[in-house]
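A short worksheet on the structure shown next.
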Protein chains: 2
Amino acid sequence: MNLKTLAEQLGLSQTTVSRALNGYPEVSEATRLRVEQAAEQFGYRPNSRAKGLATGRAMMIGHVIPTSNKHEMVNPVFGDFVAGASEAYAKFGYDMMFARVRDGNTEQAYRELLAKRAVDGVVLQGPLINDSRIALLNKMGLPFVVHGRSTGVSAPYSWVDVNNKRAFQRATEFLIDLGHRRIALLNGLETMDFAQRRRDGYVTAMEDRGVPVDPALMRAQEMTEVFGHQETMAMLAMDHPPTAILTSSMITAIGVRRAIEESGLKMGRDISVITHDDDLSYLKNGRDVPIFTALRSSVRNAGEIAAAMLAELIDSPDQPPMNRMLEAELVVGSSTAPAPRD
Amino acid sequence: MNLKTLAEQLGLSQTTVSRALNGYPEVSEATRLRVEQAAEQFGYRPNSRAKGLATGRAMMIGHVIPTSNKHEMVNPVFGDFVAGASEAYAKFGYDMMFARVRDGNTEQAYRELLAKRAVDGVVLQGPLINDSRIALLNKMGLPFVVHGRSTGVSAPYSWVDVNNKRAFQRATEFLIDLGHRRIALLNGLETMDFAQRRRDGYVTAMEDRGVPVDPALMRAQEMTEVFGHQETMAMLAMDHPPTAILTSSMITAIGVRRAIEESGLKMGRDISVITHDDDLSYLKNGRDVPIFTALRSSVRNAGEIAAAMLAELIDSPDQPPMNRMLEAELVVGSSTAPAPRD
DNA sequence: CTCATTATTCAAAGCGCTTTGAGTCAGACT
DNA sequence: AGTCTGACTCAAAGCGCTTTGAATAATGAG
């Protein structure tokens with residue numbers, strides 16, 4: 001069933017039917033009603049490609065996923081972000097597509113998306129330090145929102161980010177206030193902008209309080225469970241093991257806990273742990289009492305905000321870039337305690 | 001840059017340029033080369049909507065995500081499956097889109113996807129028992145592949161599934177062979193087809209070996225960490241607590257381990273645990289030595305297979321449905337041991 | 001009763017591509 | 001020289017929609 005046959009059924013022109021369906025004023029109420037009922041009855045939906053061709057709008061948002069980093073798409077944080085975003089897209093009538101891209105040349109992918117007119121805008125996830133994609137997107141004039149920011153990029157752009165520096169600074173101060181001085185940082189890959197900022201917050205707090213920063217206590221890698229376990233085991237075997245561990249993700253924290261318990265120690269007594277918690281829906285930080293003391297910030301919520309921002313940006317492209325800084329909440333769980341005396 | 005201006009630049013007709021670019025034989029090699037170079041130089045990509053309109057192919061695969069079940073999209077298993085699928089789609093030239101759908105009426109979503117001609121095919125994830133969507137898709141004639149199967153649906157359809165029954169049967173037998181008789185099952189929601197099959201495998205093994213099935217040891221819910229923790233705590237407080245726990249996901253297993261350790265017991269000595277392991281890339285089951293004894297089957301791999309199957313189905317729609325049964329591998333880790341004497 | 005005005009409706013053009021059916025042209029064959 | 005091929009190329013139609021500009025019908029004013 002297409003517009004033409006529907007119009008024939010109704011004995012109306014395509015013009016009138018189209019207008020009736022799209023809410024234009026120059027159609028009589030009676031006709032509109034008749035058209036709407038017929039459309040309903042025949043299950044008519046405009047062909048999205050034809051509509052897109054005629055209007056120049058794809059009603060589609062793109063997400064480009066580099067294949068190089070095998071983990072990116074698979075990353076549970078990614079999943080929650082996308083879940084939030086897609087829910088918001090739906091509200092604005094957009095669909096969401098993923099373009100998977102072979103190794104590194106994501107820039108090419110954005111170019112193609114634009115050249116093919118496949119999307120009305122894109123969301124850039126996981127920005128690196130000095131991420132060249134931002135300048136590219138700006139140049140191309142394709143509306144976009146970044147989840148996170150990119151240190152080193154000076155041109156303005158729209159972003160939604162959590163205040164990673166302040167969050168990790170606070171957590172570090174919290175630990176220092178509890179008497180800890182040997183505080184380890186299990187960070188995400190430090191080519192990622194967010195990891196850099198977290199490190200920055202950690203270092204700033206340490207220096208502000210005059211606690212020496214020991215590079216041996218700082219590790220950065222993909223945030224897996226195994227990473228948390230492995231580095232914790234290694235550090236617990238040191239001459240001066242840390243008394244507290246700050247980690248960048250719940251998953252890593254779970255590995256940390258496993259290592260602590262495997263070593264016959266007790267988390268929240270012998271060793272304190274604070275983790276960043278993206279408030280993933282399937283991996284909650286306990287029920288009533290949080291398991292881990294954590295910096296909580298819902299990544300799903302960030303996804304919703306980013307999506308709404310992008311929709312707005314697409315509607316009025318000439319407006320200046322929009323920014324939104326989210327603050328992480330420090331929730332105190334049972335994984336932190338005063339530093340043990342020695 | 002569109003076809004028309006590109007053709008003008010070259011002094012050729014649109015027809016010739018189009019044919020040259022699409023590899024038709026009736027274009028001289030010299031011309032083809034010239035056209036390709038120009039296309040490259042100007043960064044020309046055919047407008048996907050126009051192309052789709054002309055060819056009747058969307059070059060897009062749809063995934064419909066019900067909003068009702070908040071966890072579905074967010075589910076890490078979902079993420080890995082989709083990562084595998086999208087990689088395969090890319091190989092076949094397809095893009096992937098998600099349609100988020102308000103509560104329950106996913107059927108409407110499929111209808112719309114078809115009416116709008118937005119996709120060439122869909123992948124159905126997380127089939128329920130007696131899932132009505134399968135009959136609908138069959139009736140609509142939209143090519144589709146199911147990840148999993150649906151008990152109660154008799155009409156043939158294409159699917160990729162892991163042999164859940166056999167896997168859980170084997171795991172249960174393995175535990176029985178170790179002397180366990182009080183074996184708990186922490187299953188996923190039993191409206192899900194896979195959960196039903198797993199339960200079936202478990203019960204079959206128990207009955208075959210003459211071990212009484214205790215309903216108090218069978219729990220089914222969304223597979224979160226908290227669920228694993230909570231139910232394990234509850235069961236450990238029973239008069240006759242289980243000596244072994246069989247669980248449906250790594251995440252739940254992690255909660256189980258937490259509960260075991262919190263209770264002062266040791267996993268793999270006091271209590272044995274076997275989990276299903278979807279081989280998620282960010283949540284590996286240990287490095288060299290598996291943490292958990294597990295039934296391993298890569299869901300990412302399943303995604304790749306489903307995608308390839310669907311591509312094939314779209315190419316030749318008249319072929320009979322395709323099926324692919326995957327077997328889970330039983331890897332023995334350090335979470336299982338002979339049942340303790342009492 | 002005429003003419004301007006407003007309210008509806010319509011035919012046709014255009015979005016950018018593919019594909020059909022029809023040339024054109026050189027060379028091969030009678 | 002005339003015809004037939006085969007190799008290329010092209011103009012134009014069509015995919016299903018929106019939108020422009022025009023036509024028609026209904027209404028009200030003079």
Side-chain angles (χ1 to χ4, degrees), chain A residues 1-36 38-39 42-60 93 95 111-120, chain B residues 1-36 38-39 42-60 93-95 111-120 315:
Chain A
M1 172 64 66
N2 59 18
L3 186 61
K4 190 170 164 192
T5 64
L6 179 63
E8 277 166 6
Q9 287 288 331
L10 285 159
L12 288 170
S13 73
Q14 296 190 35
T15 309
T16 304
V17 175
S18 170
R19 297 209 133 132
L21 257 21
N22 289 313
Y24 280 70
E26 54 278 74
V27 172
S28 75
E29 247 349 278
T31 311
R32 162 162 299 135
L33 214 66
R34 205 158 66 86
V35 169
E36 277 171 355
F42 292 114
Y44 168 76
R45 302 283 147 173
N47 178 310
S48 54
R49 290 193 298 287
K51 186 164 186 163
L53 185 55
T55 58
R57 312 265 269 105
M59 294 319 285
M60 181 79 76
D95 287 318
R111 283 219 177 74
E112 285 191 17
L113 240 33
L114 180 64
K116 283 165 47 178
R117 305 272 144 183
V119 299
D120 298 319
Chain B
M1 171 65 63
N2 58 20
L3 186 60
K4 190 170 162 192
T5 63
L6 179 62
E8 277 165 6
Q9 287 288 332
L10 284 160
L12 287 171
S13 73
Q14 297 190 38
T15 310
T16 304
V17 176
S18 170
R19 297 209 132 132
L21 256 21
N22 287 311
Y24 280 70
E26 55 279 73
V27 172
S28 75
E29 246 353 276
T31 309
R32 161 161 298 135
L33 214 66
R34 205 157 66 87
V35 170
E36 278 172 354
F42 293 114
Y44 168 76
R45 302 284 147 173
N47 178 310
S48 54
R49 291 194 299 286
K51 184 163 187 165
L53 185 55
T55 57
R57 312 266 270 103
M59 294 318 285
M60 181 80 76
Y94 289 99
D95 287 318
R111 283 220 177 72
E112 284 191 19
L113 241 33
L114 180 63
K116 284 164 48 179
R117 306 271 146 182
V119 299
D120 298 319
D315 271 356

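Below, chain A is the first sequence line, B the second, and so on; all start at residue 1.
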Please tell me if the side chains of [X] and [Y] come closer than 4.5 Å, counting only heavy atoms from C-beta onward.
| X | Y | answer |
| --- | --- | --- |
| A:M60 | B:M60 | yes |
| B:F42 | B:T5 | no |
| B:N47 | A:K116 | no |

- Task: Indicate, with a heavy-atom threshold strictly under 4.0 Å, whether A:R49 touches base, sugar-phosphate, or nothing.
- Result: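 Touches nothing.
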
- Query: Contact class for B:T55 vs. all strands (heavy atom < 4.0 Å): base, sugar-phosphate, or nothing?
  - Reply: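 B:T55: backbone/sugar contact only, no base atoms under 4.0 Å.
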
- Leading and trailing nucleotides of DNA chain D with any atom under 4.0 Å from heavy atoms of chain A: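 For DNA chain D, the relevant span reads D:dG16 to D:dG21.
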
- Item | By salt bridge (charged side-chain N to carboxylate O under 4.0 Å, His left out) - contacts of B:R19 (at least two apart) | none

- Message: In whole Å, I'd like the distance from the CD atom of A:E29 to the P atom of C:dA7.
- Response: 14 Å

- What is the distance from CD of B:Q14 to P of C:dT20, rounded to the nearest Å? 16 Å

- Upstream residue (5' side of DNA chain D) when B:L53 and B:S13 are each assigned their closest nucleotide: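 Result: B:S13.
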
- Message: If you assign A:V27 and B:Y24 each to the DNA chain C nucleotide with the nearest heavy atom, which residue ends up on the more 5' nucleotide?
- Response: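 Counting from the 5' end, the first nearest nucleotide belongs to A:V27.
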
- Among C:dT20, C:dC10, C:dT8, which nucleotide sits nearest the side chain of A:S28? C:dT8

- Residue pair A:Q14 / A:L3: nearest heavy atoms and the distance that separates them: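 For A:Q14 and A:L3, the tightest heavy-atom pair comes out as OE1-CD2, 3.7 Å.
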
- Message: As a quick check of understanding, evaluate side chain to side chain contact (heavy atoms under 4.5 Å, CB included) for A:M59 and A:D120, giving each step before the final call.
- Response: CA-CA 6 Å; A:M59 294 319 285; A:D120 298 319; 4.2 Å; yes

